[in-house]
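Below is a structure I'd like to ask you about.
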Amino acid sequence: MHFSKICGNFGANIALVIFMFISGYGLSKSHYKNETFMNFLKKRIWKVYYPLLIVCIISIILYYLLPSSHLSINELQSHRLSSVIYKCHYLPLYFKETILFTLGYLDWYVLCIIIFYLFFWFSKRLIPLKNESDRFKNSILLLSMLILYYIIMHNSLDNSFAHYYRFPWAFFAGHYIATYNIYSTKERYEIGIIFGLFTLVSFLNENLIQIISWLMAISILTIVFIVNKKYYLEGKFIRILGNISYYIYLTHARIAFVVILLIGLDSLFLALFITIIISYLIYNIFNK
């Protein structure tokens with residue numbers, strides 16, 4: 001396998017763990033006590049879906065501008081790119097697929113984030129915060145929901161859909177770190193033991209590439225937290241990277257990899273550079 005593809009496989013898996021961790025961490029840090037469901041939908045769910053919708057619309061416009069005979073469906077699939085790049089040129093035959101793609105239908109990562117966000121909100125509603133011990137109960141309920149989700153999806157879906165249940169542990173890891181200081185020592189151990197067993201099972205059910213990638217992601221997050229605690233990382237570059245990180249995920253396969261394929265250059269670093277530039281431009285255009 002080409003070196004860039006090997007790096008790409010590990011890089012994608014590492015990034016997904018980090019993104020999922022950040023989602024759980026950020027939600028847990030920013031959620032306020034009396035947030036209504038409508039406010040939650042507007043502030044959290046729409047904030048996740050809106051960038052996806054924008055990127056999908058831009059992508060479909062780009063695909064329409066490409067020559068229809070450039071790549072076949074099989075060639076696109078061999079490069080792990082969407083067949084909509086081909087199908088959008090034959091709208092009468094593939095109208096449904098094209099419209100669903102444009103709407104961001106079944107983007108597994110975004111769908112999982114939305115599901116986990118809803119779990120989080122329901123855990124807060126089912127156990128309202130009346131005293132400090134309720135925060136512990138909230139976390140236990142959220143963890144229970146994620147474990148149940150994992151069990152159901154793991155036993156319902158075949159391995160080709162494993163990405164739908166691979167990352168609940170990473171989302172809860174973000175929540176656990178964000179709320180760690182509010183627990184008593186006993187509560188930390190109790191949550192930690194259950195979460196640790198859940199994470200262990202998640203690891204044991206995966207292949208070697210996933211396990212190595214996840215361990216690398218955990219190492220990166222650990223180093224970042226240690227360095228940030230000591231030096232308090234901030235500055236314009238850090239803020240920009242944080243702002244566009246979600247757009248990097250959304251654009252890398254939909255736009256950047258398509259551009260790389262069209263210009264005929266197989267370079268992971270060029271793909272990363274183009275992804276960052278495109279993500280930066282889209283973020284700044286639609287977030288003014």
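For the single chain, residues carry numbers from 1 onward in sequence order.
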* Least distance between heavy atoms, I255 atom then S59 atom ->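 Taking every non-hydrogen atom into account, CG1-OG, 3.4 Å.
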* H175: which of S123, S23, S139 passes side-chain hydrogen bond (donor to acceptor under 3.5 Å, both in side chains) ->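 Only one of S123, S23, S139 forms a side-chain hydrogen bond (donor to acceptor under 3.5 Å, both in side chains) with H175, namely S139.
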* **For F172, the option from F198, F116, F21, F195 that meets ring-ring contact (aromatic ring centres under 6.0 Å, His included)** => F195
* What's the shortest heavy-atom distance between I54 and I282, and which atoms? ->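 Heavy atoms of I54 and I282 come nearest at CG2-CG2, 4.1 Å.
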* To do: Start with the C-alpha distance between L200 and W169, add both sets of side-chain angles, then the distance that settles side chain to side chain contact (heavy atoms under 4.5 Å, CB included), and finish with yes or no.
  => CA-CA 9 Å; L200 179 61; W169 70 269; over 6 Å; no
* What is the minimum heavy-atom distance between A256 and A271, and which atoms define it? ->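 Closest pair (atom of A256, atom of A271, distance): CB-O, 4.0 Å.
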* To do: Specify whether Y249 and Y246 have parallel, tilted or perpendicular ring planes, treating 30° as the upper limit for parallel and 60° as the lower limit for perpendicular.
  =>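 Parallel, since the angle between the ring planes stays under 30°.
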* To do: Under the side chain to side chain contact (heavy atoms under 4.5 Å, CB included) rule, what do Y49 and I113 come out as? Steps first, then yes or no, please.
  => CA-CA 10 Å; Y49 177 67; I113 288 294; over 6 Å; no
* Output, in order, the C-alpha distance, side-chain angles, deciding distance and verdict of side chain to side chain donor-acceptor pair (under 3.5 Å) for S279 and T251. => CA-CA 7 Å; S279 300; T251 61; 2.9 Å; yes
* To do: Take R254 and I85 through the side chain to side chain contact (heavy atoms under 4.5 Å, CB included) test and state the conclusion after the steps.
  => CA-CA 9 Å; R254 290 180 177 88; I85 297 171; over 6 Å; no
* Look at the rings of F101 and Y63 and say which category their plane angle falls in: under 30° parallel, 30 to 60° tilted, over 60° perpendicular. =>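 Ring orientation of F101 relative to Y63: tilted.
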* Structure fact -> CG of L52 to CD1 of I57, rounded to nearest 0.5 Å, is 9.5 Å
* **Audit row: L100, V84, side chain to side chain contact (heavy atoms under 4.5 Å, CB included) steps and yes/no** => CA-CA 10 Å; L100 290 178; V84 173; over 6 Å; no
* Compute whether any side-chain donor of one residue and acceptor of the other, for Y150 and N205, lie under 3.5 angstrom apart. =>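 Yes, side-chain donor-acceptor contact under 3.5 Å.
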* Asked: Looking only at heavy atoms, which two atoms of L126 and M145 are closest? And how far apart?
  -> CD1-CE, 3.9 Å
* Side-chain (Y117) to main-chain (L41) donor-acceptor, under 3.5 angstrom -> no
* Find out whether T179 and N138 are in side-chain contact, i.e. whether some heavy atom of one side chain is under 4.5 Å from a heavy atom of the other. => no
* To do: Assess the side chains of S72 and N74: does a donor N or O sit below 3.5 Å from an acceptor N or O?
  => no
* Is the Y165 ring parallel, tilted or perpendicular to the H154 ring (thresholds 30°, 60°)? -> perpendicular
* Asked: Which atoms form the tightest heavy-atom contact between C112 and Y149, and what is the distance?
  -> SG-OH, 3.7 Å
* Measure up the W214 and F203 rings against each other and bin them: parallel (under 30°), tilted (30 to 60°), perpendicular (over 60°). =>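 Perpendicular: the ring planes of W214 and F203 meet at over 60°.
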* Locate the shortest heavy-atom distance separating K43 from S30; write the atom from each residue and the value. =>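 K43 and S30 have their closest heavy atoms at NZ-O, 4.3 Å.
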* To do: For the residue pair Y94 and Y90, categorise the inter-ring angle as parallel (less than 30°), tilted (30 to 60°) or perpendicular (more than 60°).
  =>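 Plane angle over 60°, so perpendicular.
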* Please check if the distance between the ring centroids of F120 and F171 is under 6.0 Å. => no
* Is there side-chain contact between K124 and D134, with at least one heavy-atom pair below 4.5 Å? ->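 No. Closest side-chain heavy atoms not under 4.5 Å.
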